[in-house]
Amino acid sequence: MSKPFYITTAIHYVNDVPHIGHIYENVTADVIARYRRMQGDDVFFLTGTDEHGQKIERTAAKKGLQPIELADQVVASHHANNARLGISNDDFIRTTQARHRDGVYEIIRRIRERNPDDIYHGEHSGWYCQSEEMFVPESQVADGKCPDGHPVEKTTERNYFFRLSRYTKPLLDFYRAHPDFVKPRGRFNEVIAFVESGLRDLSVSRTAIKWGIPFPGDEEHIIYVWLDALTNYISALGFGSSDLTRYEKYWPADVHLIGKDIVRFHAVYWPAFLMAAELPLPKSIVSHGFWLRDNVKISKSLGNVVRPDEIIERFGAEAFRYYLSREMVFGQDSNYSDESFFTRYNAELANGIGNTISRAVKMSETYFGGKTPPHSCDDNELKRAAEETIPSYLKEMDHYAFQRALDLVWKLLDAVNGYIVNREPWKMFKEQGQSEALSRVLWNSLEALRLAWTMVSPFMPKLSAEALRRLGAGDAAPNVGMLTWGVLPTNVPLIAGDALFPRIDFETYVAETKAEGAKVTEANPETKDDKKSDTTPATPADAAAEAPVEGAKITIDDFFRAELRVAQILEAENVPKSKKLIRMKVTTGDSDRQIVAGIATKYTPEELVGRKVVIVANLLPAKLMGIESNGMVLAASIDGEPSLIAVDPGVPNGTKVK
Ligand code: MSP
């Protein structure tokens, strides 16, 4: 009988559409879920949305929507996002669903039944952080702010309280008995220190909020968002309903996968609520780090960051899933940049795993009549390399060390490449035709690739299935039983298809995306590619400090640093292979220069010649698709469509604009 395995993500707030942090969390949970299915486990994978509370109430009000209308919109974008990323969740819980409310009522009922003193009605005065929706202990308030930097207000409330203080010792005893409860260990130590410093009772109802689940028996009060939200992990299993089949099968959860910012809620409050309700505690809280993104304004002003949405659309969700898992050391923070995506894509996917499979399949197809070679081989260097890789890969995957697991697979791929280069199968075929030796060399390469692609399957499930079909390995769902040498059949058809990862020309992509995103004064997308690594801020705070904030004032001196001049277009032509770019020769009277601008969607080269435009004349040269551009043409942007700034035809070329 297969072992139940229950994994959850945090449920995501619905005040904004999903971003890279949500994407990462869902992808990582999906990798774990798929890996466990490969192990033969009976997996239940839950994700969902956290829809109550003041933040959502306020965001909806700002948008002129009812909270549920906002939630419905955002939930639709979560579903679309999960579908495009291939997230294989078994259920999606919304805290506005009746089944969830029933679960929340049931946990409160049980706490009151089993430990009647644990929820009491009382008055509380203290520092309340609106942003975190919680009281902050006096000792943690500094300069009128909570530890996360949000303002706090002295507040007195008559509320329902949960007797969290009673659980200080039971929690510490539990932690001692379960040294792997929170991963990584460093975060567990922080939790332990927090609990050791003593716990205060927690207010679990609010009267100031309307948007939430009413407190049972006292509808003036709304249930505290975290008591509401955390219960999703059991309400989704039918806790509180008459059908407890799922709950009995899957609870307690094997993994709550969450970000590092919400460890305390999961490792302190949630276990305490469950203890009070006398329910089993989850087996582990696994926390990941943060993706640090260049913020939106920085990306616009530098013009060098591509939103993951565009990357996913153009280069595929699977490549992005791979990137997220390989780039981030699980548990730590990572900086997202489009360059690092492209570098990995080209080196590890296009030239790496993609090219290796194309080559090997193509050779077998050509030399053995469209089939896998007729002779297998049971003693060779690739077999030894694979047999070293497999147990280490499994160990790393078991410890959520995805980056290291993938490193191991790529080492095996390097071995396959080296093997092909050394054996020179093309020479063997030329000299001896369809020999047994050639058959073995190619079969070994294909077999090692089959193993590599099977190990990659949790990360890139669709492409892995496609690759395995191409290799002649069949359609069976990946399972660990396949991770043994000798499984690839001989003499079965294989398929040499198109490249699984077409190479990307980074310059082309950046040029086109910047042209698409052009705003006023950016019709000519200035590239700072060469300097990018120097100018990219180290942290989002640095980025914010450097970025010209939209709407912020500049001095007249700042403005005059840009040298604006009238220029006339002498020649214009479309840049080959670009939908957006036009190369122009323009004159400022005393000199001519070349400028490349992203205006081809609006203007033809013919209509540009002779026209007068305003250019930024003192920009550093930049290369767009390999063509040097010396300056920038000014244009307004109407929904991304450029419209050139007009100049009176009588104005002499070179005239300064100010
Ligand atoms: N609704 C709460 C969770 C309740 S769970 C019972 C919440 N929602 S959230 O939308 O703000 O965050 C959802 C998850 O995304 C959290 O685990 C959070 O840590 C994660 N991330 C949000 N931003 C992130 C990054 N920039 N990088 C990685 N993950 C981060 O908290």
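From a predicted model like this one, the values you see are computed outputs, not experimental measurements.
Taking a cutoff of 4.0 Å between a charged side-chain nitrogen and a carboxylate oxygen, Lys55 and Asp50 do not qualify as a salt bridge. A salt bridge between Asp398 and Arg36 is present, with a side-chain N of the basic residue lying under 4.0 Å from a carboxylate O of the acidic one. A salt bridge between Asp407 and Arg404 is absent, with no side-chain N of the basic residue lying under 4.0 Å from a carboxylate O of the acidic one.
The two atoms that bring Asn89 and Thr47 nearest to each other are ND2-CG2, 3.6 Å, heavy atoms only. Closest non-hydrogen pair, Ala236 versus Arg246, comes out as O-NH1, 3.2 Å. Summarising the geometry of Leu164 relative to Ala272, their closest heavy-atom pair is CD1-CB, 3.5 Å, with the distance given to 0.1 Å. Counting all heavy atoms, side chain and backbone alike, Thr454 lies closest to Asn479 at CG2-O, 4.4 Å. Of all heavy-atom pairs between Ser464 and Trp453, the closest is OG-O, 3.0 Å. Considering every non-hydrogen atom in both Gly238 and Leu244, the closest pair reads O-CD2, 3.5 Å.
Looking only at atom types and distance, the side chain of Trp127 has a donor-acceptor partner in the side chain of Glu138 under 3.5 Å away. Asp201 and Ser165 are linked by a side-chain donor-acceptor pair at a separation below 3.5 angstrom, with hydrogens and angles left out of the test. In summary, the side chains of Tyr322 and Arg326 do present a donor paired with an acceptor at a separation below 3.5 Å, with no hydrogens or angles considered. Of the N and O atoms on the side chains of Arg110 and Tyr105, not one donor lies less than 3.5 Å from an acceptor on the other residue. A side-chain donor-acceptor contact under 3.5 Å links His12 and Glu25. In this structure, a donor-acceptor pair under 3.5 Å is present between the side chains of Thr8 and His256. Using modelled atom types, one finds no donor on one side chain facing an acceptor on the other under 3.5 Å when comparing Ser235 with Arg99. For the residue pair Ser340/Ser337, the side-chain donor-acceptor check at 3.5 Å is satisfied. Looking at Asp228 and His100, their side chains do bring a donor and an acceptor atom within 3.5 Å of each other. For the residue pair Ser241/Asp243, the side-chain donor-acceptor check at 3.5 Å is not satisfied. Between the side chains of Thr155 and Glu153, no donor-acceptor pair of N or O atoms lies under 3.5 Å. Using a 3.5 Å distance cut-off with no hydrogens or angles, the side chains of Tyr24 and Ser334 do not pair a donor with an acceptor. Between the side chains of His266 and Tyr233, at least one donor-acceptor pair of N or O atoms lies under 3.5 Å.
Two rings, from Tyr160 and Tyr120, have their centers 6.0 Å or more apart. For Tyr323 and Tyr345, the ring centers are positioned 6.0 Å apart or more. Close placement of the Phe188 and Tyr175 rings is indicated, their centers lying within 6.0 Å of each other. Tyr167 has its ring centre less than 6.0 Å from the ring centre of Phe162.
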* To do: Quick one: do Tyr35 and Leu394 satisfy side chain to side chain contact (heavy atoms under 4.5 Å, CB included)? Show the steps, please.
  => CA-CA 9 Å; Tyr35 174 67; Leu394 294 171; 3.5 Å; yes
* I would like to know whether Phe5 and Ile32 meet side chain to side chain contact (heavy atoms under 4.5 Å, CB included); could you show each step before the answer? => CA-CA 10 Å; Phe5 184 91; Ile32 299 172; 4.1 Å; yes
* Asked: Would Phe315 and Phe341 count as a side chain to side chain contact (heavy atoms under 4.5 Å, CB included) if you check the C-alpha gap in whole Å, the side-chain angles of each, and the deciding distance to 0.1 Å?
  -> CA-CA 10 Å; Phe315 307 111; Phe341 171 79; 3.9 Å; yes
* To do: Determine, stepwise, if the pair Asp118 / Arg166 fulfils salt bridge (charged side-chain N to carboxylate O under 4.0 Å, His left out).
  => CA-CA 8 Å; Asp118 275 0; Arg166 218 187 105 183; 2.7 Å; yes
* Could you walk me through whether Thr95 and Glu51 pass side chain to side chain donor-acceptor pair (under 3.5 Å), step by step? => CA-CA 6 Å; Thr95 55; Glu51 306 188 10; 5.3 Å; no
* Asked: Should Ile223 and Val204 be marked as a side chain to side chain contact (heavy atoms under 4.5 Å, CB included) after you check the CA-CA gap, both sets of side-chain angles, and the distance that decides it?
  -> CA-CA 6 Å; Ile223 296 170; Val204 287; 5.8 Å; no
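At a threshold of 4.5 Å between non-hydrogen side-chain atoms, the residues Leu237 and Phe239 do not count as touching. At a threshold of 4.5 Å between non-hydrogen side-chain atoms, the residues Trp251 and Pro280 count as touching. Residues Ile107 and Ile234 form a side-chain contact, since some pair of their non-hydrogen atoms from C-beta on lies under 4.5 Å apart. Within the 4.5 Å cutoff, the side chain of Val268 has heavy atoms near those of the Val191 side chain. Side-chain contact between Leu274 and Leu281: present, with at least one pair of heavy atoms (C-beta onward) separated by less than 4.5 Å. Tyr6 is not listed as a side-chain neighbour of Phe45, based on a closest heavy-atom distance of 4.5 Å or more. Side-chain contact between Asp41 and Ser2: absent, with no pair of heavy atoms (C-beta onward) separated by less than 4.5 Å. In this structure the side chain of Tyr400 never reaches within 4.5 angstrom of the side chain of Leu257, judged on heavy atoms.
Looking only at distances, a side-chain donor or acceptor of Glu57 sits under 3.5 Å from a matching main-chain atom of Lys210. The closest donor-acceptor contact from the side chain of His22 to the backbone of His19 lies under 3.5 Å. Judged by distance alone, the side chain of Arg321 and the main-chain N or O of Pro458 form a donor-acceptor pair under 3.5 Å. A donor-acceptor pair is defined here as one N or O able to donate and one able to accept, closer than 3.5 Å; no such pair exists between the side chain of Trp211 and the backbone of Ile222. Checked by atom type and distance alone, the side chain of Glu318 pairs as donor or acceptor with a backbone atom of Leu463 at under 3.5 Å. The backbone N or O of Ser88 lies less than 3.5 Å from a partner atom in the side chain of Asp30, making a donor-acceptor pair. A donor-acceptor pair is defined here as one N or O able to donate and one able to accept, closer than 3.5 Å; such a pair exists between the side chain of Arg187 and the backbone of Gly331. Side-chain atoms of Ser284 come within 3.5 Å of backbone N or O of Asp254 as a donor-acceptor pair. Within the 3.5 Å criterion, the main-chain N or O of Cys146 finds no donor-acceptor partner in the side chain of His150. Proximity of a side-chain donor or acceptor of Arg185 to a complementary backbone N or O of Pro179 within less than 3.5 Å is detected.
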Can you give each donor-acceptor pair under 3.5 Å made by side-chain atoms of residues 61-74, sequence neighbours left out, with the distance rounded to 0.1 Å?
from: Glu69; atom 1: OE1; to: Gln66; atom 2: N; distance (Å): 2.9
from: Asp72; atom 1: OD1; to: Arg94; atom 2: NH1; distance (Å): 3.2
from: Asp72; atom 1: OD1; to: Arg94; atom 2: NH2; distance (Å): 2.7

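Expressed to the nearest 0.5 Å, how far CG of Leu171 lies from CZ of Phe181 amounts to 8.5 Å. One distance of note links CD of Glu113 with CD of Glu278; it measures 8.5 Å at 0.5 Å rounding.
Glu220 is linked by a salt bridge (charged side-chain N to carboxylate O under 4.0 Å, His left out) to nothing, counting only residues two or more places apart in sequence or in another chain. Every residue meeting the salt bridge (charged side-chain N to carboxylate O under 4.0 Å, His left out) condition with Arg37, not counting sequence neighbours, appears here in chain and number order: Asp90.
Cation-pi geometry between Lys260 and Phe290 is met: under 6.0 angstrom from the ring centre, within 45 degrees of the axis.
Below 30°, between 30° and 60°, or above 60°: for Tyr336 and Trp291 the angle between ring planes is above 60°, a perpendicular geometry.
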